[in-house]
**Student:** 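Structure in structure tokens, see below.
When reading the values below, keep in mind they use all heavy atoms of this one structure, side chains included, and skip hydrogens, waters and symmetry mates.
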Amino acid sequence: MDTEPDFVGGAWGEALSCRIQTRKTRGLGRLHCRPRCFFAAMALVAGRRAFGVKGTSWLWRNRWAPLSAGFCSPASAVTARPESEPRPTSMRQQDGIRNIVLSNPKKRNALSLAMLKSLRSDILHEAESKDLKVIIIAAEGPVFSSGHDLKELTGARGRDYHTEVFQTCSEVMMLIRNHPVPIIAMVNGLATAAGCQLVASCDIAVASDKSSFATPGVNVGLFCSTPAVALGRAVPRKVALEMLFTGEPISAQEAVRHGLISKVVPEGQLEEETMRIAKKIASLSRSVVALGKATFYKQLSQDLTTAYYLTSQAMVDNLALKDGQEGIEAFIQKRKPIWSH
């Protein structure tokens, strides 16, 4: 019986451990996940804790206590939308690659509450499926995303509504970090405030040479504190603070130099290059990539000794995977590996 080892996803404000366990059922090994909706609950509870909302404390254990890795369907995580109201995102999937598109260019793809919930739904959709290998987040129009919809942040909306907006946004960013498959941002245009946060939160970001990035909230009296979480973890501190204090944009060339994005390509080559990366990832073992992503983010916040201890254990766990042995045997036998996923 093949057993997938422990893996730990990234954390926001608290380290969360995730475990995929197998148990025998009539002689067959199968994944046993608890709680069933852990993936969405993980971000939901973290967000509620950060905003001072009590409840579901049973999900919170000590920093390194393992929690089972499970995912839930969008229906259990997202409030239903009236059928007459168009979805602000679109989604399609082919050959293991899911494309999620922000589809409200008239409003500069603002991350309204509806947009955030739709994006969350698309990220969560069949997240456990073995057919899903990588996700690409793109956008229609000349603006990738202008950030939060300021019309939702007026005093008339009230504190509770504002809390829901920022809590939901934080959940989406954490879902990206904790998702088992790599998530790529394909940026062609301006990404500001929470839009810049979205780019910084993705595992990989490919941008066209016409793209630019900014955190201009300070100019309208709303400091980009939540975008700063992702931005400050992607670029050097002084670069982040200059962007946050001045609100001035940086070019795609500056963004790649500082580590906000992975690479810059001519606009005409953006989709081709993004798909090249996605296809390469999709050709690899899902379980190996998932383990690698989770381990990478967990070790980042550790001291050197702990980081090497955790990654050494991950290497041993990787060897215990069916695909870990298949890859090594294929290399020795000079043939292409046949991945289980």
**Student:** Do Val239 and Phe245 belong to the same hydrophobic cluster, where Ile, Leu, Val, Met, Phe, Trp and Tyr are linked whenever their side-chain heavy atoms lie under 4.5 Å apart, directly or via other members?
**Tutor:**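 Linked, Val239 and Phe245 end up in one cluster.
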**Student:** Please report the shortest heavy-atom distance between Gln302 and Leu310, naming the atom on each side.
**Tutor:** CG-CD1, 3.7 Å
**Student:** Do Ile328 and Ile338 belong together in a cluster built from hydrophobic side chains that touch within less than 4.5 Å?
**Tutor:**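 Not linked; separate clusters.
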**Student:** Looking only at non-hydrogen atoms, find the nearest pair between Val134 and Pro182 and report the distance.
**Tutor:**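 So the two residues come closest at CG2-O, 3.3 Å.
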**Student:** Is any side-chain heavy atom of Leu175 closer than 4.5 Å to a side-chain heavy atom of Arg120?
**Tutor:** yes
**Student:** Are Leu319 and Ile332 connected into the same hydrophobic cluster when the rule is that any two of I, L, V, M, F, W, Y join if their side-chain heavy atoms are below 4.5 Å apart?
**Tutor:**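 Linked, Ile332 and Leu319 end up in one cluster.
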**Student:** Are the side chain of His179 and the backbone of Val181 linked by a donor-acceptor contact shorter than 3.5 Å?
**Tutor:**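 Side chain of His179 to backbone of Val181, a donor-acceptor pair under 3.5 Å: yes, one is there.
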**Student:** Any side-chain to backbone donor/acceptor pair from Arg233 onto Val229? Under 3.5 Å, distance only.
**Tutor:**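 Checked: pair present.
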**Student:** Under a 3.5 Å threshold, yes or no: a donor from one side chain and an acceptor from the other, between Ser90 and Ser103?
**Tutor:** yes
**Student:** Taking only residues two or more places apart in sequence or in another chain, which ones pass salt bridge (charged side-chain N to carboxylate O under 4.0 Å, His left out) with Glu140?
**Tutor:**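 For Glu140, no residue satisfies salt bridge (charged side-chain N to carboxylate O under 4.0 Å, His left out) once neighbours in sequence are set aside.
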**Student:** Which distance, rounded to the nearest 0.5 Å, do you find between the NE2 of His162 and the CD of Gln167?
**Tutor:**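 The distance works out to 14.0 Å.
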**Student:** Main chain of Ser251, side chain of Glu254: is a donor-acceptor contact present, judged purely on distance under 3.5 Å?
**Tutor:** yes
**Student:** Using side chain to side chain contact (heavy atoms under 4.5 Å, CB included), reason through Met186 and Glu273 one step at a time and then give a plain yes or no.
**Tutor:** CA-CA 10 Å; Met186 184 173 75; Glu273 178 60 18; over 6 Å; no
**Student:** Does Glu271 form a side chain to side chain contact (heavy atoms under 4.5 Å, CB included) with Met275? I'd like the steps, not just the answer.
**Tutor:** CA-CA 6 Å; Glu271 184 173 355; Met275 286 301 297; 4.2 Å; yes
**Student:** Has Arg335 got more than 12 heavy atoms of other residues, nucleotides or ligands less than 6.0 Å from its CZ?
**Tutor:** yes
**Student:** Test side chain to side chain contact (heavy atoms under 4.5 Å, CB included) on Leu244 and Leu231 and set out the steps.
**Tutor:** CA-CA 9 Å; Leu244 292 163; Leu231 181 66; 4.2 Å; yes
**Student:** Rounded to the nearest 0.5 Å, what separates atom CG in Asn99 from atom CD1 in Ile184?
**Tutor:** 9.5 Å
**Student:** Less than 3.5 Å apart, which donor and acceptor atoms pair up between the side chains of residues 198-206 and the rest of the protein, not counting sequence neighbours?
**Tutor:**
residue, atom, partner, partner atom, Å
Ser201, OG, Gln197, O, 2.8
Asp203, OD1, Tyr297, OH, 2.5
Asp203, OD2, Ile183, N, 2.8
Asp203, OD2, Lys293, NZ, 2.8

**Student:** Side chains of Asn109 and Ser145 only: does a donor on one sit below 3.5 Å from an acceptor on the other?
**Tutor:** no
**Student:** Answer yes or no: is there a side-chain heavy-atom contact under 4.5 Å between Gln253 and Val264?
**Tutor:**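 Side chain of Gln253 against side chain of Val264, heavy atoms only: contact under 4.5 Å found.
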**Student:** Testing the basics here: between Gly217 and Cys224, what is the closest heavy-atom pair and its distance to 0.1 Å?
**Tutor:** N-SG, 3.4 Å
**Student:** Is atom CG of Leu241 surrounded by more than 12 heavy atoms (other residues, nucleotides or ligands) closer than 6.0 Å?
**Tutor:** yes
**Student:** Taking Trp339 for its side chain and Ser287 for its backbone only, find out whether a donor-acceptor pair lies under 3.5 Å.
**Tutor:** no
**Student:** To the nearest 0.5 Å, tell me how far Leu291 CG sits from Arg286 CZ.
**Tutor:** 12.5 Å
**Student:** Which atom names give the shortest non-hydrogen contact between Ser208 and Leu270, and what distance separates them?
**Tutor:**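 Taking every non-hydrogen atom into account, N-CD1, 3.9 Å.
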**Student:** Are any of the side-chain heavy atoms of Ser340 and Glu326 separated by less than 4.5 Å?
**Tutor:** no
**Student:** Going by heavy atoms in the side chains, are Tyr161 and Leu113 under 4.5 Å from each other?
**Tutor:** yes
**Student:** Which atoms form the tightest heavy-atom contact between Leu190 and Ser212, and what is the distance?
**Tutor:** CD1-OG, 3.1 Å
**Student:** What distance separates Arg87 CZ from Leu119 CG, expressed to the nearest 0.5 Å?
**Tutor:**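 If I round to the nearest 0.5 Å, the distance is 9.5 Å.
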**Student:** When you measure from the side chain of Lys133 to the backbone N and O of Ala282, does any donor-acceptor pair fall under 3.5 Å?
**Tutor:** yes
**Student:** Might you confirm whether atom CZ of Phe223 has over 12 heavy atoms from other residues, nucleotides or ligands at distances under 6.0 Å?
**Tutor:**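 Counting other residues, nucleotides and ligands, CZ of Phe223 exceeds 12 neighbours.
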**Student:** Atom CD1 of Ile281 and atom CZ of Arg276: how far apart are they, to the nearest 0.5 Å?
**Tutor:**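 Answer for the CD1-CZ pair, Ile281 versus Arg276, is 9.5 Å.
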**Student:** Got more than 12 heavy atoms from elsewhere within 6.0 Å of CG, Asp303?
**Tutor:** yes
**Student:** Will you find, in the side chains of Asn188 and Glu267, an N or O donor that is under 3.5 Å from an N or O acceptor?
**Tutor:** yes
**Student:** Could you tell me if the side chain of Leu260 sits less than 4.5 Å from the side chain of Cys196, heavy atoms only?
**Tutor:** yes
**Student:** Could you please spell out the steps behind the side chain to side chain contact (heavy atoms under 4.5 Å, CB included) verdict for Glu152 and Ser112?
**Tutor:** CA-CA 7 Å; Glu152 293 187 339; Ser112 63; 3.5 Å; yes
**Student:** Hey, what do you get for CZ (Arg98) to CG (Asp131), rounding to the nearest 0.5 Å?
**Tutor:**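 Spacing of CZ (Arg98) from CG (Asp131) equals 10.0 Å.
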**Student:** For Tyr309, does the OH atom sit with more than 12 other heavy atoms under 6.0 Å from it, leaving out its own atoms?
**Tutor:** no
**Student:** Would Ile100 end up clustered with Ile97 when hydrophobic side chains under 4.5 Å apart are linked, directly or stepwise?
**Tutor:** no
**Student:** Give me the atom names and distance for the closest heavy-atom approach of Ala193 to Ser146.
**Tutor:**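 Answer, listing the atom of Ala193 first, then Ser146: CB-O, 4.3 Å.
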**Student:** Using a 6.0 Å cut-off, check whether atom CD of Glu242 has over 12 heavy atoms from anything other than its own residue.
**Tutor:** no
**Student:** Please tell me whether Ile261 and Ile250 are part of a single hydrophobic cluster in this structure, the criterion being side-chain heavy atoms less than 4.5 Å apart.
**Tutor:** yes
**Student:** Are Arg157 and Glu164 close enough for a salt bridge, meaning some N to O gap below 4.0 Å?
**Tutor:**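 No salt bridge links Arg157 with Glu164.
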**Student:** Above 12 or not: heavy atoms from other molecules or residues under 6.0 Å from CD of Gln333?
**Tutor:**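 More than 12 within 6.0 Å, yes.
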**Student:** With no hydrogens and no angle check, is any side-chain donor or acceptor of Ser211 less than 3.5 Å from a backbone partner on Val187?
**Tutor:** yes
**Student:** Could you point out which residue of Thr295, Thr306, Asn318 forms a side chain to side chain contact (heavy atoms under 4.5 Å, CB included) with Thr311?
**Tutor:** Thr295
**Student:** Is the backbone of Pro266 close enough, under 3.5 Å, to the side chain of Gln269 for a donor and an acceptor to pair up by distance?
**Tutor:**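 No, Gln269 side chain to Pro266 backbone: no donor-acceptor pair under 3.5 Å.
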**Student:** Could you note down all residue pairs passing ring pair (Phe, Tyr, Trp, His ring centres under 6.0 Å) where residues 126-153 supplies at least one of them, sequence neighbours left out?
**Tutor:** His148-Phe166
